Every structure is written in C-alpha cells, then in structure tokens.
Amino acid sequence: MSSYVITGVSGVLGFEFLRQISQDPSNTVIGLVRDKASTEKKVSEQLSGRSNIHILQADLTDYEAMQRAVADTAKITGGTLDHLIANAAYVSTWDSYDPIGVLGNTPEKLEEEMLKCFKVNVVGNVHLFNLFMPLVLRGRAKKVVSISSGTSDIDPARQYDVAVFSAYAISKAALNLAVAKFSAQYRKDGVLFMSICPGMVEAGHHANATPEQLRKLEGVLAKFKSYAPHFTGPTRPEDAIRDVISVWERASVENGDGGSFVSHHGNKQWL
Ligand SMILES: NC(=O)c1ccc[n+]([C@@H]2O[C@H](COP(=O)([O-])OP(=O)(O)OC[C@H]3O[C@@H](n4cnc5c(N)ncnc54)[C@H](OP(=O)(O)O)[C@@H]3O)[C@@H](O)[C@H]2O)c1
C-alpha cells in the first residue's frame, strides 16, 4: 500500500503512470493536472471504477494552486506521501528541428521558449519538490523521481552532434542538477531523489510536423540509430513506463542512487 503524486497525468506518459500504478487497488494515486474536468472525464471513460484515483488541479507555474494541491493531498493521504513523480513538462517542439544557431535567427522566440522551458521544467519542479517535502518526509518509501530526458546528457550530444531539442534539453539538464541538489540536502533523511529518462516514447509530439520538419527529424533519428543500432523508433508508453517504474523500485539511497540521472534501463544507455 503506497501513495503517489504524479504531475501531468493528462499527458501520454503521465496517464500511463496513472493507469499502471492504480491497477493495484491498495495504491492511492493522485494526479496533478491543469485541466481537471477533462482528465476526470478521461479517467471515468478509460479507468472507470478505480476509486483509488484522485485528480487535483495545479499548474506548475501557479505557486498558490500547488500549495492547495499539497493541502488536498494531505487530506487524502493523512499527511504523508510515499512517491512524488515529477512527470509534467513543457515539451517544446519548436526547437526539435533546427540547431540552436538557426533558432537564434528569431531571438525573441528563442528567448521565449527558453524561459518557458526553464519556468515550467526547472522552477516549477523546484517549487513542487519544496512544497511536497513535508509530506514526503513523513512517507515510508520517500522517493522523488523526475522524468528527465537523455537529450540532456552532454556526452551523446557532443559525440553524435545532436544539435536539436536545445531549449528543452538545456532545461532538463538544469532539472537534473536541481534533483542532485535536493538529494544532497535530503539524502541524510533517507529521501531518494533521482532523474529517469523513459527513452524515446511515442507521444504524438510530431503529429503536426510539416514534411520539411519530418525530413529533419529523420536526420536526428539516423543519429540515434548510429548511437544505438538496435533503435527502431519510439517505444510504446506501456513498455517505457513499466521500465521506468522498475528502475525506481530497484533504486535506493543505500545503493547510492541518490541524485543520479539514468535511463529506463537504469544506466546511461538512453535508447
Ligand atoms: N515522449 C518522450 O519520448 C519523452 C522522452 C523523454 C522524456 N520525456 C518526458 O516525459 C514526460 C511526459 O512527457 P509526454 O511525452 O507524456 O508529453 P505530454 O503528453 O505533452 O505530457 C506533458 C504533460 O505536462 C503537462 N504540463 C505542461 N505544462 C505544464 C504546466 N505548466 N503545469 C502543469 N503541467 C504541465 C501537460 O499538461 P496539459 O495536458 O495541461 O498540457 C501534460 O500533462 C515529460 O517530462 C517529458 O519531458 C518524454
């Protein structure tokens, strides 16, 4: 019997976390979303009868809404929280097709995207962690997991010249370090903070891409294939999320996983 708060359960991977974790009726699963009504509708249509699911409204950039979500979570769980899963993110697609130098041809738009990525993915999650810490410290599992991205690892970026995803990847790199800072503070209290990348998962992010953008994306996927010759394209959400959950279930402060950044394989192999 465990309690979970998962952000962004309206999205593809977030909903899959919600689905898999709430399969066990002894788990209490609280999903944070921006649009409560539409997510509750989706839950009632696709996960009907799961009374262990609770949906709360909170935008990561709305500090007061997050405070209310913490208070509402405490009422549901009795003031504790076992797992906090920071899954929500601003996933920029504007930066997916061109290198950072080309994005710089529209400096205002580049600045807007970078600040939005930083505001949601870094500052929003830092507030999320701070606000939920009192509940996590009273929880049993004491696990805080950030859903990160292998695009933020410097080594493959430089070895394979992956010049795209700049604003998004830079914000995820900052988030990885924020997670390590939280681990540095709370490891002594037995709280595991870690970042896990789910791999490249089919989530429809490029559904509206133009033929030219898709051609550019093909070039990126070719680089992914040279990095991981077994790579055949995005994986299914159900497989990726099963793997991510098994990574955090195996991880512990005692094993030295605090502050780490790993893939759905539990290592630095991102695909
Ligand atoms: N798909 C992949 O291949 C992949 C690879 C590596 C990492 N990831 C990571 O996996 C996580 C989930 O991504 P996904 O692929 O499932 O994308 P997604 O379907 O676009 O889901 C993103 C979620 O974040 C929420 N969100 C965005 N801005 C928010 C804000 N300001 N406040 C609160 N929630 C906000 C969205 O809510 P709304 O519905 O309200 O917009 C949505 O629920 C992200 O952290 C992403 O970086 C994904």
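Order of listing sets the numbers, starting from 1, for every ligand and every atom in it. Here the structure is a predicted model, which is why all the values come from computation and not from measurement.
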Answer whether the closest heavy-atom distance between the side chains of Ser92 and Ser96 falls below 4.5 Å.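 No; the side chains remain at least 4.5 Å from each other.
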
Between ligand 1 and [X], is the shortest N or O to N or O distance under 3.5 Å?
X: Thr61; value: no
X: Met200; value: no
X: Val201; value: yes
X: Val91; value: no
X: Ala58; value: no

Protein heavy-atom partner closest to [atom] - residue, atom, separation in Å:
atom: atom 8 (N) of ligand 1; answer: Tyr168 OH, 3.6 Å
atom: atom 16 (O) of ligand 1; answer: Leu13 N, 2.9 Å
atom: atom 45 (O) of ligand 1; answer: Asn87 O, 2.7 Å
atom: atom 30 (C) of ligand 1; answer: Asp59 OD1, 3.5 Å
atom: atom 42 (C) of ligand 1; answer: Ser10 OG, 3.7 Å
atom: atom 25 (C) of ligand 1; answer: Ala88 CB, 3.8 Å
atom: atom 19 (O) of ligand 1; answer: Val12 N, 3.0 Å

Hey, which atoms in ligand 1 end up nearer than 4.0 Å to a heavy atom of [X]?
X: Gly11; answer: 19 (O), 21 (O), 42 (C), 43 (O)
X: Leu60; answer: 30 (C), 32 (N), 33 (C)
X: Ile147; answer: 9 (C), 10 (O), 11 (C), 45 (O)
X: Ala89; answer: 22 (C), 24 (O), 26 (N), 27 (C), 28 (N), 44 (C), 45 (O), 47 (O)

Can you confirm whether Asn208 is buried at CG, in the sense that more than 12 heavy atoms of other residues, nucleotides or ligands lie under 6.0 Å from that atom?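 No, not enclosed.
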
For the NZ atom on Lys225, are there more than 12 heavy atoms of other groups (residues, nucleotides or ligands in this structure) within a distance under 6.0 Å?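 Buried by this count: over 12 neighbours within 6.0 Å.
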
Can you figure out which of [options] has its heavy atom closest to [atom]?
atom: atom 4 (C) of ligand 1; options: Pro237, Ser149, Ala203, Gly199; value: Gly199
atom: atom 29 (C) of ligand 1; options: Glu16, Met66, His264, Arg34; value: Arg34
atom: atom 7 (C) of ligand 1; options: Ser148, Ser171, Cys197; value: Ser148

Under the rule for side-chain hydrogen bond (donor to acceptor under 3.5 Å, both in side chains), what residues qualify as partners of Asp98, not counting sequence neighbours?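 Only Lys216 meet the side-chain hydrogen bond (donor to acceptor under 3.5 Å, both in side chains) criterion with Asp98.
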
Set of side-chain hydrogen bond (donor to acceptor under 3.5 Å, both in side chains) partners for Asn52, sequence neighbours left out: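 Result, side-chain hydrogen bond (donor to acceptor under 3.5 Å, both in side chains) vs Asn52: none returned.
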
Is the distance between the ring centroids of [Y] and [X] under 6.0 Å?
X: Phe193; Y: Trp248; result: no
X: Phe261; Y: Trp270; result: yes
X: Phe224; Y: Tyr160; result: no

Does Ser22 form a side chain to side chain donor-acceptor pair (under 3.5 Å) with Asn27? I'd like the steps, not just the answer. CA-CA 6 Å; Ser22 66; Asn27 287 335; over 6 Å; no

Which is it for His205 and ligand 1 at heavy atoms under 4.0 Å: side chain, backbone, both or neither?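 It is the side chain that touches ligand 1; the backbone stays farther off.
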
Are Val144 and Ile241 joined in one hydrophobic group, where the rule is that I, L, V, M, F, W and Y side chains link up if heavy atoms are under 4.5 Å apart?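 No.
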
Check whether the side chains of Glu212 and Tyr97 place a donor and an acceptor atom closer than 3.5 Å, and report yes or no.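 No, because no side-chain N or O of Glu212 sits under 3.5 Å from a partner of the opposite role on Tyr97.
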
Distance alone, cut at 3.5 Å: any donor-acceptor contact between the side chains of Thr151 and Ser149?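 There is such a pair (donor and acceptor under 3.5 Å, judged by atom type) between the side chains of Thr151 and Ser149.
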
[X]: heavy atom below 4.0 Å from ligand 1, yes or no?
X: Lys119; result: no
X: Lys172; result: yes
X: Phe15; result: no
X: Pro198; result: yes

List the steps, then state whether side chain to side chain donor-acceptor pair (under 3.5 Å) holds for Gln159 with Tyr227. CA-CA 9 Å; Gln159 285 158 4; Tyr227 166 74; over 6 Å; no

Applying salt bridge (Lys or Arg N to Asp or Glu O under 4.0 Å) to Lys42 and Glu45, what does each step give before you reach the verdict? CA-CA 5 Å; Lys42 190 172 168 185; Glu45 286 167 0; over 6 Å; no

